[in-house]
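In each ligand, atom 1 is the first atom listed, and ligand 1 is the first ligand listed. What you see is a predicted model, and the numbers here were worked out from it, not measured in a lab.
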Amino acid sequence: MEFSEVPTPKLGLRDVLIKVRIASICGTDVHIYDWTRWAQHRFTPPRIIGHEFVGDVTRVGEEVTQIKVGDRVSAESHLTCGHCYQCSNGNSEVCRNFKLLGVDHDGAFAEYLVLPEHVLWKNDSNIPDEWATIQEPFGNAVDTVLAEDVAAKTVLILGAGPIGLFATGIARACGASLVMVSDPNNYRLAISKQMGAHIAVNPRRQDVVQLAFDATQNNGVDVVLEFSGNNQALNQGLKVITPGGRISILGIYERRVNIDLNKDVIFKKIRIYGITGRKVFSTWYKTSRFLSSGLVDPGPVITHHFPLKDYEKGMKLMKDGKCGKVILNV
Ligand code: NAD
Ligand code: ZN
């Protein structure tokens, strides 16, 4: 990965040129920086990475109708095709032909980027730049938490990375009566308390399953939200979920997972939701309102700022996990 001078990207008829204000680092960016097995199979350089950002529209193509010069925008990172079976049926988060911003299309860790009009989101003027840039991962958390309601329910959140931390704030805002968060990273557990966790547990030192039963009169939790991508954590979640409860899974696993389907899923009659991307744009509306109304303050999750040219410092912090969201000022 290198920092270099490149030409300003060219604009198509339905495209918009955006001058980036700030961007933020996602785990995907770190995978590319690290050149992991996933990156080697999925990513073809040269490519400008980054998909979480906020910026100002500086030019629009001739056929652009909804976006104007001066609009302050962010973007849905799934560049959908708009015509496949899924897109045609209101399920564009699983578009069969989607391209990922910053992976298949030049991204936002740059002064300028070009995007098709149909993926742009005009930001609410009440939302500051550093909140606007995190709406994309925040939207993942919204859909994971709200696959079903959480009002007056007991919730276990596995993994307190930025998305699990946003989910903590969302679950509290939506009236969960108990939010317990598990993560081996004490730095992040401390942030989970600021986001409203009633109980923060370190699974290396404490018995997550026992503590969850203790906190729920031995009933187990109504809702498990899986953000760790860790098989052991997933199994802890499946053990403590109360029969008839639900689990939403956003975490991505390095290998095939091993679970006891008969005992932990079928005979407990639990509901499992796989969550990916965001509903376009209903999730963005919800996200925007959670933030602009003050229902959720994502401030504690946003821990570091660096100039774009110092992106390596941000990547290293993300690898160490001694951070929440890292912002890059362009
Ligand atoms: P992250 O890597 O920052 O957070 C994962 C957290 O899980 C870390 O804090 C880690 O310490 C913790 N963890 C590891 N082992 C654990 C265990 N045994 N028990 C509890 N916690 C444990 O990731 P993030 O950016 O917050 O994203 C969360 C997950 O969602 C990741 O797996 C990511 O790949 C995935 N993701 C999926 C989508 C999608 O569309 N499905 C989109 C974005 C992210
Ligand atoms: Zn499609």
Side-chain angles (χ1 to χ4, degrees), residues 24-31 34 36 38-39 51-52 76-103 118-119 134 136-144 147 156-168 180-192 195 200-209 211-212 224-237 240 248-254 257 273-280 283 298 301 303 315 317-326:
S24 37
I25 303 180
C26 166
T28 306
D29 305 315
V30 184
H31 275 283
D34 243 5
T36 59
W38 171 85
H51 58 267
E52 302 174 10
E76 170 50 51
S77 60
H78 290 196
L79 312 182
T80 53
C81 77
H83 53 69
C84 69
Y85 185 75
Q86 280 63 29
C87 283
S88 310
N89 283 282
N91 296 318
S92 65
E93 70 278 21
V94 280
C95 167
R96 304 267 274 278
N97 309 309
F98 82 93
K99 293 191 161 51
L100 255 185
L101 179 57
V103 174
H118 78 273
V119 300
I134 55 90
E136 196 257 14
F138 193 100
N140 290 132
V142 167
D143 283 356
T144 311
L156 171 64
I157 294 182
L158 298 162
I163 305 181
L165 291 169
F166 294 141
T168 306
M180 177 167 160
V181 176
S182 171
D183 198 300
N185 178 330
N186 286 329
Y187 180 95
R188 290 178 163 180
L189 281 182
I191 302 177
S192 79
M195 293 305 289
V201 194
N202 186 324
R204 294 225 174 102
R205 290 204 224 107
Q206 292 159 289
D207 184 340
V208 180
V209 173
L211 285 170
V224 174
L225 307 174
E226 211 308 281
F227 298 101
S228 74
N230 179 287
N231 196 160
Q232 214 181 342
L234 172 66
N235 278 323
Q236 288 169 340
V240 303
S248 292
I249 307 178
L250 185 89
I252 295 172
Y253 304 85
E254 254 180 61
V257 296
Y273 293 86
I275 310 288
T276 190
R278 291 143 298 279
K279 285 284 196 187
V280 182
T283 303
V301 185
T303 54
M315 296 287 181
L317 258 179
M318 292 277 288
K319 279 182 67 177
D320 290 350
K322 283 239 158 55
C323 64
K325 261 289 162 204
V326 176

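- Checked by distance only, ligand 1 and Pro184 stay at 3.5 Å or farther apart across all their nitrogen or oxygen atoms.
- At the top of the distance list for atom 35 (C) of ligand 1, counting protein heavy atoms only, stands Leu250 O, 3.5 Å.
- Close approach to Ser228 involves these atoms of ligand 1, each under 4.0 Å from a residue heavy atom: 7 (O), 13 (N), 16 (C), 21 (N), 22 (C).
- The nearest heavy-atom contact from the protein to atom 31 (C) of ligand 1 is Phe227 O, 4.0 Å.
- Residues satisfying the side chain to side chain contact (heavy atoms under 4.5 Å, CB included) criterion with Asn202, sequence neighbours excluded, are Pro184, Asn186, Leu189, Arg204, Arg205, Gln206.
- Below 4.0 Å from some heavy atom of Gly251 lie the following atoms of ligand 1, by number and element: 29 (C), 30 (O), 32 (O), 35 (C).
- Against a heavy-atom cut-off of under 4.0 Å, Ser182 is close to the following atoms of ligand 1: 20 (C), 21 (N).
- At a heavy-atom distance under 4.0 Å, no atom of Gln236 approaches ligand 1.
- Here the angle centred on the Zn ion (ligand 2), running from SG of Cys95 over to SG of Cys87, is 100°, rounded to 10°.
- Annotation for ligand 1: atoms under 4.0 Å from non-hydrogen atoms of Ala233 are 17 (C), 18 (N), 19 (N).
- Every salt bridge (charged side-chain N to carboxylate O under 4.0 Å, His left out) that Arg278 has, sequence neighbours left out, goes to Glu76, Glu136.
- Counting only heavy atoms of the protein, atom 40 (O) of ligand 1 lies nearest to Gly277 N, 3.0 Å.
- Heavy-atom distances between Arg188 and ligand 1 reach below 4.0 Å in at least one pair.
- With the Zn ion (ligand 2) as vertex, Cys84 SG and Cys81 SG subtend 110°, rounded to 10°.
- Of all the heavy atoms of Ile163, the ones lying under 4.0 Å from any atom of ligand 1 are found in both the backbone and the side chain.
- The protein heavy atom nearest to atom 34 (O) of ligand 1 is Ile252 CB, 3.8 Å.
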